[in-house]
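Note: hydrogens, waters and symmetry copies are ignored here, and every other heavy atom, side chains too, is used. Order of appearance sets the numbers: ligands from 1, and atoms from 1 within every ligand.
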Amino acid sequence: MKIEGSTALVTGSNRGIGRAIAQALGERGAEVLGGVREVDARHSVGGVANVRPVRLDLSSPDSVEESVRELGTDASRIDLLVNNAGVFTGGLFDRTDVTKAYELLQVNLAAPIHLTRLLLPSMLERGSGKIVNNASIIGHVPFPGAVVYAASKMGLHGFTESLRRELEATGVTVLELITPGVDTDMMDQVQSELDEHANTDGWDHVDPVDWAEKVLAAIESDDDELNPGGGERLAKLLPKALLDLGTKRAFSR
Ligand SMILES: NC(=O)c1ccc[n+]([C@@H]2O[C@H](COP(=O)([O-])OP(=O)(O)OC[C@H]3O[C@@H](n4cnc5c(N)ncnc54)[C@H](OP(=O)(O)O)[C@@H]3O)[C@@H](O)[C@H]2O)c1
């Protein structure tokens with residue numbers, strides 16, 4: 001897909017990976033709608049070239065509908081939807097707050113499905129477009145201590161793969177980001193919430209700007225997945241028995 005001249009919508013572009021992707025797309029000549037929870041002084045990517053902050057609150061089905069309605073005719077011009085926004089909750093599952101679990105599933109899984117359902121028909125009418133879903137290595141290597149998060153990312157993986165096959169030959173393509181550890185606020189949260197159960201000191205962290213560059217390259221080459229490198233790529237290839245052994249060593253209740 002050609003990025004220059006395209007119209008992109010990136011959810012969760014206020015910080016972290018979303019901000020880096022929005023910025024990189026803008027620098028490459030896309031017109032970027034930078035999805036933020038609220039367009040105000042705190043939540044803004046307004047200073048970034050070619051990025052216009054738009055409200056995209058994924059907290060509930062109603063807020064997703066309202067946010068897309070507020071986009072007006074811009075919604076039907078979107079060529080590239082990057083479902084990036086996400087939240088994390090870690091620790092032992094038997095202590096998980098069920099309300100938080102529902103909130104996580106809403107933002108990480110239901111909202112990308114909902115947003116795709118709203119924006120895909122215009123892409124299909126034009127016979128072109130791309131959906132990019134920011135999943136995670138945990139969607140392929142479901143380690144313990146983040147059970148609900150793993151469920152959301154495995155769900156997003158299933159949605160992405162099934163949709164990709166369904167859209168074959170329509171001109172609309174799908175890309176799954178199998179994102180590794182990236183140095184963002186979420187990674188800080190992961191490390192502090194898993195601290196009691198695992199030693200996360202040696203974990204690799206990729207810089208968000210470097211990961212965004214890889215994402216753009218995968219968009220341009222119409223790849224259907226972007227794999228992590230290093231140890232995470234190897235973990236993805238391991239058989240279940242070896243993964244069980246690895247997590248037994250690395251994790252304790
Ligand atoms: N960092 C990693 O190591 C890693 C690894 C694998 C996958 N991922 C995935 O990559 C994506 C981005 O993560 P990140 O590391 O960049 O996280 P981050 O720095 O914590 O940023 C998360 C973004 O999501 C937005 N968001 C959260 N809840 C929202 C809601 N209800 N409505 C709209 N926006 C909402 C946040 O908005 P506010 O700023 O307003 O809170 C923020 O912009 C997530 O899907 C995450 O699961 C990250």
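In this structure, Arg19 and Asn14 approach most closely via the heavy-atom pair CD-O, 3.8 Å. Closest non-hydrogen pair, Ser63 versus Asp57, comes out as OG-O, 2.6 Å. Contact record, Val182 with Met187: O-CB, 3.1 Å, taken as the closest heavy-atom pair.
By the 3.5 Å distance cut-off applied to N or O atoms, Arg15 is counted among the residues near ligand 1. Close N/O approach between Ser13 and ligand 1 is not found [any backbone or side-chain N/O within under 3.5 Å]. Residue contacts with ligand 1: Leu58 is placed with a nitrogen or oxygen under 3.5 Å of a nitrogen or oxygen of the ligand (distance criterion only). Every N/O-N/O distance between Val107 and ligand 1 stays at or above 3.5 Å. Checking only distances, Met187 never comes within under 3.5 Å of ligand 1, N or O to N or O. Ligand 1 has an N or O atom lying under 3.5 Å from an N or O atom of Gly12, backbone or side chain. Considering backbone and side-chain atoms together, Thr179 places no N or O closer than 3.5 Å to any N or O of ligand 1.
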Walk me through it: do Glu213 and Arg28 pass the test salt bridge (charged side-chain N to carboxylate O under 4.0 Å, His left out)? CA-CA 10 Å; Glu213 276 310 312; Arg28 207 66 66 83; 2.9 Å; yes
Would His140 and Glu176 satisfy side chain to side chain donor-acceptor pair (under 3.5 Å), going step by step from the backbone distance to the final call? CA-CA 12 Å; His140 297 261; Glu176 178 183 359; 3.0 Å; yes
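Of all atoms in ligand 1, listed by their number and element, those nearer than 4.0 Å to a heavy atom of Gly16 are 16 (O), 19 (O). Near Leu56, with a cut-off below 4.0 Å to any heavy atom, the atoms of ligand 1 are 32 (N), 33 (C). In summary, the atoms of ligand 1 found under 4.0 Å from a heavy atom of Ile17, numbered by their order in the structure, are 10 (O), 15 (O), 16 (O), 48 (C). Within ligand 1, the atoms closer than 4.0 Å to a non-hydrogen atom of Gly86 are 22 (C), 24 (O), 27 (C), 44 (C), 45 (O), numbered from 1 in the order shown. Those atoms of ligand 1 that come under 4.0 Å of a heavy atom in Ser59, given as number and element, are 31 (N). Within ligand 1, the atoms closer than 4.0 Å to a non-hydrogen atom of Val87 are 27 (C), 28 (N), numbered from 1 in the order shown. Residue contact check: Gly181 has heavy atoms under 4.0 Å from atoms 3 (O) of ligand 1.
A 4.5 Å side-chain heavy-atom check between Thr200 and Val190 finds every atom pair outside the cut-off. At least one side-chain heavy atom of Lys130 sits less than 4.5 Å from a side-chain heavy atom of Asp222. The shortest side-chain heavy-atom distance between Asp204 and Pro180 does not fall under the 4.5 Å cut-off. Proximity of Val68 to His114: side-chain heavy atoms (C-beta onward) are nowhere separated by under 4.5 Å.
Contacts of Arg165 classified as salt bridge (Lys or Arg N to Asp or Glu O under 4.0 Å), with partners at least two apart in sequence or in another chain: Glu161.
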Sequence neighbours left out, cut at 3.5 Å: what donor-acceptor pairs do the side chains of residues 81-99 make with other protein atoms?
residue: Asn83; atom: ND2; partner: Thr116; partner atom: OG1; Å: 3.2
residue: Asn83; atom: ND2; partner: Asn133; partner atom: OD1; Å: 2.9
residue: Asn84; atom: OD1; partner: Asn134; partner atom: ND2; Å: 2.8
residue: Asn84; atom: ND2; partner: Thr11; partner atom: O; Å: 3.0
residue: Asn84; atom: ND2; partner: Gly12; partner atom: O; Å: 3.2
residue: Asp94; atom: OD1; partner: Arg253; partner atom: NH1; Å: 3.4
residue: Asp94; atom: OD1; partner: Arg253; partner atom: NH2; Å: 3.1
residue: Asp94; atom: OD2; partner: Arg253; partner atom: NH2; Å: 3.4
residue: Thr96; atom: OG1; partner: Leu92; partner atom: O; Å: 3.4
residue: Thr96; atom: OG1; partner: Phe93; partner atom: O; Å: 3.1
residue: Asp97; atom: OD1; partner: Thr99; partner atom: N; Å: 2.8
residue: Asp97; atom: OD1; partner: Lys100; partner atom: N; Å: 3.4

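Closest heavy-atom approach to atom 5 (C) of ligand 1 among the candidates Ser136, Pro180, Ala20: Pro180. The closest heavy-atom contact to atom 1 (N) of ligand 1, among the options Thr184, Asn84, Leu104, comes from Thr184. Taking all heavy atoms of Arg37, Met186, Glu38 into account, the minimum distance to atom 38 (P) of ligand 1 is reached by Arg37.
For the pair Ala135 and ligand 1, a heavy-atom separation below 4.0 Å is found. Ligand 1 lies out of reach of Phe88, whose nearest heavy atom is not under 4.0 Å from it. Residue His205 places every heavy atom at 4.0 Å or more from ligand 1.
No hydrogens or angles considered: a donor-acceptor pair under 3.5 Å links the side chains of Asn108 and Ser152.
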